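Please read the structure below before turning to the comments.
Below, each value reflects all heavy atoms present in this structure, side chains not excepted, and no hydrogens, waters or symmetry copies. Keep in mind that what you see is a predicted model, and the values were worked out from it rather than measured. Numbered from 1 within each chain, the chains take letters A, B, ... in sequence-line order.
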Amino acid sequence: MEIQNDLPKTFDPKAAEDKWYQIWLENKSFKPKKGKQNRTFTVLMPPPNVTGKLHMGHALDATTQDTLIRYKRMKGFETLWIPGTDHAGISTQAVVEKLIWKQEKKNRHDLGREEFLKRIWAWKEQYGAEIVNQQKKMGVSCDWDYSTFTLDDVPNKAVKKFFVSMYNEGLIFQSDYIVNWDPALQSAISDAEVEHKEVKGHFYSLRYKVLDAPETELIIATTRPETIFADTAIAVNPTDPRFKHLIGKTAVIPICNREIPIIADEHVDIEKGTGCLKVTPGHDFNDFEIGKRNGLPIINILNTNGTFNKNAPEIEGLRPKEARAKVEELLTELGVLVEKKDHVHPVGHGERSDEIVEPMVSKQWFLSTKAMSEVAVEAVEQGEMTFYPKGWENTYFSWLRNPKNWCISRQLWWGHQIPVFYCRSCEAQWASEETPAECAKCKSEDIFQDPDVLDTWFSSGLWPLSTLGWPDETAMKEKRFEDFYPNATLITGFDIIFFWVARMMMMGTKVTGTPPFKDVYIHALVRDKQGRKMSKSLGNGIDPLDMVGQYGADAMRFTLAAGSGYNRDLNLDPERIEGYRNFVNKLWNAFRFISPYLEKAKDELPIHSEWHLHDKWILAELNTVTRSMNEALDLYRFDEACSEIYQYVYEKFCAWYIELSKNILNGPDERAKVLRATMLKFCFRKIVILLHPVVPFLTEEIWSHLSGGKSLLIDQEYVEFDPQLENLEVQTMMNKFIEVTTGIRNIRSSVNLKPKDEIDVKLFTDDKKLAKFMYESRHFLKDLANVKSGTIKPKSSEKPRRSASLANAHTEIFIPLEGLIDIGEQVSRIRKDIEKTQADYQKVESKLENENFMRNAPEEIRTEVKEKARSFQDKLTSLNDILASFQ
RNA sequence: GGGCGUUUAGCUCAGCUGGGAGAGCGCUACCCUUACAAGGUAGAUGUCGGGGGUUCGAUCCCCUCAACGCCCACCA
């Protein structure tokens with residue numbers, strides 16, 4: 001049969017991708033539409049940072065979310081997927097500062113706040129647009145009209161509204177408190193932004209003099225000798241017998257010779273170090289607490305850039321590393337350095353700058369999260385919000401059950417400026433959503449706004465609200481806040497469970513009383529094929545757009561979806577994308593095969609009685625895969641959904657159904673031809689519907705042919721399980737048919753028959769239904785295994801001698817080739833099979849002989865095992881007969 | 001120091017409530033067979049990390065050891 005076909009042999013993704021994306025946009029397919037579910041389904045895209053280009057993690061975000069949203073849309077939910085971008089305070093400011101320094105050798109202070117912000121906005125416009133462009137290439141079906149940037153008007157209002165209300169409630173407060181100070185950024189950062197890394201340092205033991213007890217010397221161990229200038233006490237444990245008598249006495253700090261009290265504090269660990277702790281309330285978190293408990297003064301010895309100030313005159317102007325060397329030198333000179341040994345210990349580093357963070361006391365804004373975090377924990381405990389996979393709730397809990405005040409102020413320029421105002425005349429301080437013209441108290445016009453900006457995650461925490469218009473009533477109405485809040489599912493990576501998920505839960509629940517989403521699906525982290533994190537320094541990053549260009553968006557999406565289940569790593573090998581590109585192309589070619597028959601095909605299925613056994617089978621299998629896919633997608637098992645449909649398309653549909661159809665489509669029976677064409681079309685429509693959420697472009701392209709261009713696939717209803725299509729009997733029959741056919745091919749291969757060599761096959765089976773079906777299928781066997789002639793008889797019939805042969809549980813297959821085959825080879829092949837079957841048989845037989853098994857195992861299992869034993873026995877009998885025929 | 005996770009075919013991984021070890025890629029042989037060589041047919045490969053326990057039965061449950069990875073933690 002020569003097929004006249006204008007369709008190209010390989011699918012060209014490029015043309016289809018741009019074309020269909022444009023059409024979907026024009027058709028407003030991404031906009032929410034009421035469906036048969038009469039329910040909304042909202043997904044919030046984690047807004048990418050405007051720092052640069054998208055990476056594979058974003059592609060995974062996009063793929064899983066788009067798959068979910070297309071699936072739910074087709075299932076009849078009124079879906080809304082909200083895109084957006086994040087200003088990413090520190091990151092973006094740092095990137096732009098670096099760029100300006102490189103190009104103009106100017107820092108932000110040289111430019112001034114206004115000019116510098118102008119530059120960042122220009123950067124944002126450029127990269128924001130590029131991000132959107134990249135997302136479109138991946139096929140994301142989000143509602144672009146909802147697109148929001150964190151510094152837009154409404155999010156600004158949200159931030160101010162929340163801040164002011166928390167300020168007035170007393171939950172946001174300003175305090176001189178010890179914070180993580182990043183000297184590179186010259187800003188405070190939050191606990192969550194500090195990474196602890198193991199650092200090689202030294203343990204210094206210093207000798208202190210004690211006044212009124214000249215015979216006593218205290219030995220103090222420290223890793224940071226340079227901080228002695230800020231010490232305001234020595235602490236010992238109140239129960240420590242070694243030092244009890246010294247409590248209340250005075251010690252003298254070497255170098256600066258300042259006198260400090262020896263105090264008692266529970267915090268001091270008797271076992272650790274020497275049992276004596278130098279207390280530095282200005283530059284250590286624990287010491288700060290000790291200082292508060294004991295009313296100690298605080299001394300700050302650092303400048304904001306990380307150098308030492310005049311409070312440490314001997315090392316003024318030096319950086320900590322140099323200062324340490326200098327202090328070591330001085331201590332040695334004084335003879336008070338008793339010991340110095342190597343010591344590995346964890347040191348906090350800034351997440352963005354990678355600089356050592358210096359604890360420092362400074363005036364910052366804090367949000368008290370204690371009450372909010374309790375509510376956020378409860379929401380998950382009571383099932384109002386569920387993590388998929390469930391294990392991640394532990395991570396979430398561990399963070400929220402140990403709440404600390406969140407330092408929300410940053411000494412940066414790029415971000416939401418803190419809406420707190422000060423009066424120079426009367427020193428009043430107040431928070432306001434509107435920018436005031438005068439002091440709220442004394443009406444003076446000499447007022448100014450707090451120069452700091454808020455932590456980026458402050459606005460991120462309000463994202464589910466602000467993207468739907470909150471708190472602007474007009475915007476909320478327009479964006480249908482009531483209908484779309486709360487979100488259905490949040491999809492994101494585990495690295496931001498603390499930063500983002502926890503904060504959204506706290507803040508969203510605080511404002512509305514309802515958690516911002518019902519499900520949180522945590523996807524894996526994309527790594528390279530060796531499992532290493534993709535990073536610039538390793539140069540192992542894969543650019544999603546490169547992959548789209550090389551293999552097509554569909555192939556990349558399928559690869560990412562196929563790798564997304566409940567795993568925490570996704571090791572991506574570009575070869576896998578190539579493999580799935582081949583799958584996409586396979587589907588295309590299956591369609592090419594069908595396309596000439598589409599004209600003949602009817603749109604409605606004929607009545608059931610006309611269906612061929614093949615038809616019943618392929619529909620039953622389709623039904624099975626439909627159920628699996630629905631179940632898998634409902635549980636965010638994208639990997640299972642993909643493997644189910646992959647298997648169906650490749651094995652069931654292409655390898656068997658299409659191959660079996662050729663005979664009919666080439667045959668003389670016109671009615672059968674129409675029926676088969678109709679069936680092929682029907683199944684193919686279902687296949688592309690099932691696949692569309694993962695593989696949107698190719699399926700839409702094929703749909704345009706299947707539907708005659710009358711409708712869009714994106715708008716179709718998803719396939720649902722149909723109990724009427726179940727047909728276990730037919731599936732069993734086809735499995736036997738496939739076994740026999742494969743058996744014949746197996747024999748052919750074992751005796752090196754060429755595909756062109758026609759054969760005569762003698763089948764022996766006692767399964768009458770199978771015998772009948774095999775007989776009816778004789779023409780198909782010609783196509784499938786080049787069988788020219790054959791017979792089917794009961795097993796008791798006389799069998800050919802010395803033939804190439806094989807047996808399974810139900811059928812013995814003989815290909816008479818006397819004189820053409822190597823008898824020895826055949827005999828050894830049969831013997832090997834006997835051995836294996838014998839072993840299998842003995843395994844199950846021993847179970848049946850085991851009294852305990854027969855007594856304890858459930859009926860179901862016993863029957864199953866008996867069934868197996870019988871089939872192994874049947875196969876053995878047949879194999880032994882065959883072996884005998886060679887004697 | 002605390003917590004979590006991983007360990008199954010050469011590679012990447014699946015294996016859902018315990019009941020004859022799977023997929024994809026790769027590999028081998030043969031085939032340009034009339035949708036597809038980005039293809040077809042057939043095939044090889046596993047002490048399911050080690051040890052113990054529960055059970056009629058363990059890749060799956062419990063204990064223990066080991067290796068690797070991640071997160072958290074006050075830098076004495």
- Please work out which of the three classes, parallel, tilted or perpendicular, describes the rings of A:Y204 and A:H202, given edges at 30° and 60°. perpendicular
- Message: Distance check needed: B:G43 P versus A:I747 CD1, whole Å only.
- Response: 11 Å
- Message: Please check if the number of heavy atoms outside A:E851 that lie under 6.0 Å from its CD is greater than 12.
- Response: no
- What is the minimum heavy-atom distance between A:V380 and A:F397, and which atoms define it? CG1-CZ, 3.6 Å
- Task: Report yes if a side-chain nitrogen or oxygen of A:K754 is closer than 4.0 Å to either non-bridging phosphate oxygen (OP1 or OP2) of B:C31; otherwise report no.
- Result: yes
- Query: Within the structure shown, what part of the strands sits under 4.0 Å from A:I356 by heavy-atom distance: base, sugar-phosphate, or nothing?
  - Reply: base
- Message: As a test of reading the structure: which of B:A35, B:C75, B:G19 is closest to the side chain of A:K847, going by heavy atoms?
- Response: B:G19
- Calculate the interatomic distance between A:I522 atom CD1 and B:G5 atom C1'; express it in whole Å. 15 Å
- Message: Does either side chain, that of A:S190 or that of A:K404, offer a donor lying less than 3.5 Å from an acceptor on the other one?
- Response: no
- Message: Can you confirm whether more than 12 heavy atoms, excluding those of A:E758, are under 6.0 Å from its CD atom?
- Response: yes
- Message: Any non-hydrogen side-chain atom of A:E289 less than 4.5 Å from a side-chain atom of A:H267?
- Response: no
- Message: Could you tell me the Watson-Crick or G-U partner of B:G69, where both distances fall under 3.5 Å? Say none if there is no partner.
- Response: B:C4
- Ion pair present between A:K14 and A:D12, side-chain N to carboxylate O less than 4.0 angstrom? no
- Under 4.0 angstrom, heavy atoms only, what part of the nucleic acid is A:E631 near: base, sugar-phosphate, or nothing? nothing
- Nucleotide B:A37, atom P - distance to CZ of A:F11 in whole Å: 17 Å
- With both distances kept under 3.5 Å, what pairs with B:A23, Watson-Crick or G-U wobble? B:U12
- NA contact type, A:T742, heavy-atom cut-off 4.0 Å: base, sugar-phosphate, or nothing? sugar-phosphate
Taking only nitrogen or oxygen atoms into account, show me every contact under 3.5 Å that the protein makes with nucleotides 71-74 of chain B, one pair per line with its distance.
| residue | atom | partner | partner atom | Å |
| --- | --- | --- | --- | --- |
| B:C74 | O4' | A:N286 | ND2 | 3.1 |
| B:C74 | O2' | A:N286 | ND2 | 2.9 |
| B:C74 | N1 | A:N286 | ND2 | 2.9 |
| B:C74 | O2 | A:N286 | ND2 | 2.6 |

- Task: May I have the distance from A:N394 (atom CG) to B:C70 (atom C1'), rounded to whole angstrom?
- Result: 14 Å
- Task: With heavy atoms under 4.0 Å as the rule, sort A:V357 into base, sugar-phosphate or nothing.
- Result: base
- Value in whole Å for how far the C1' atom of B:A21 lies from NZ of A:K836: 11 Å
- Message: Closest-nucleotide mapping onto RNA chain B: is A:I594 or A:C276 further toward the 5' terminus? I mean the 5' end.
- Response: A:I594
- B:U33 P sits how many Å from A:D757 CG, rounded? 15 Å
- Quick one: which of B:G40, B:C31, B:A42 gets closest to the side chain of A:P755? B:C31
- Of the options A:F387, A:Y388, A:Y396, A:W392, which is the one that meets A:F494 in a ring pair (Phe, Tyr, Trp, His ring centres under 6.0 Å)? A:W392
- Look at the aromatic rings of A:Y580 and A:Y646 and report parallel, tilted or perpendicular, splitting at 30° and 60°. perpendicular
- Check if the side chain of A:K9 and the base of B:C36 share a donor-acceptor pair of N or O atoms closer than 3.5 Å. no
- Task: Would you indicate what A:F583 reaches in the nucleic acid, counting non-hydrogen atoms under 4.0 angstrom: base, sugar-phosphate, or nothing?
- Result: nothing
- Note on the structure: Counting primed atoms, P, OP1 and OP2 as sugar-phosphate and everything else as base, the B/S/- map of nucleotides 10-17 of chain B against protein heavy atoms under 4.0 Å is --BSSS--
- Candidates B:G5, B:A42, B:C75 - which lies nearest the side chain of A:R745: B:A42
N/O contacts under 3.5 Å, protein versus nucleotides 53-56 of chain B?
| residue | atom | partner | partner atom | Å |
| --- | --- | --- | --- | --- |
| B:C56 | OP1 | A:N856 | ND2 | 3.2 |
| B:C56 | O2' | A:N850 | ND2 | 2.9 |

- How far, in whole Å, is B:A66 from B:G51 if one measures between their C1' atoms? 11 Å
- Query: Given the rule in the ring pair (Phe, Tyr, Trp, His ring centres under 6.0 Å) test, do A:Y636 and A:Y566 qualify, once you have shown the distances and angles that lead to the verdict?
  - Reply: CA-CA 8 Å; A:Y636 312 106; A:Y566 291 170; 8.1 Å; no
- Item | A:K197, NZ atom: more than 12 neighbouring heavy atoms under 6.0 Å | yes
- Item | Value in whole Å for how far the C1' atom of B:G5 lies from CZ of A:R568 | 4 Å
- Salt bridge check: are A:R862 and A:E859 linked by an N-O gap of less than 4.0 Å? yes
- Query: Charged N to carboxylate O below 4.0 Å: is that the case for A:D265 and A:R293?
  - Reply: yes
- Message: Within the 4.0 Å heavy-atom criterion, would you say A:V865 contacts the bases, only the backbone, or no part of the nucleic acid?
- Response: nothing
- Query: Counting side-chain heavy atoms from C-beta on, which of B:A21, B:C25, B:G19 comes nearest to A:K843?
  - Reply: B:A21
- Ignoring the backbone of A:N585, work out which of B:A42, B:A38, B:G40 is nearest its side chain. B:A38
- Message: Within 45 degrees of the ring normal and closer than 6.0 Å to the centroid, is that where the cationic atom of A:K292 sits relative to A:Y177?
- Response: no
- Watson-Crick/G-U partner (both atom distances under 3.5 Å) of B:A29: B:U41
- Message: With rounding to the closest Å, how many angstrom separate the C1' atoms on B:G22 and B:C48?
- Response: 11 Å
- Does the side chain of A:K756 get closer than 4.0 angstrom to OP1 or OP2 of B:C31 through an N or O atom? no
- P atoms of B:G46 and B:U8, separation to the nearest Å: 15 Å
- Item | Euclidean distance, atom CD1 of residue A:I228 to atom C1' of B:C75 [Å, nearest integer] | 16 Å
- Message: For a quick test of reading the model: is some side-chain N or O of A:K586 closer than 4.0 Å to OP1 or OP2 of B:G40?
- Response: yes
- NA contact type, A:Y650, heavy-atom cut-off 4.0 Å: base, sugar-phosphate, or nothing? sugar-phosphate
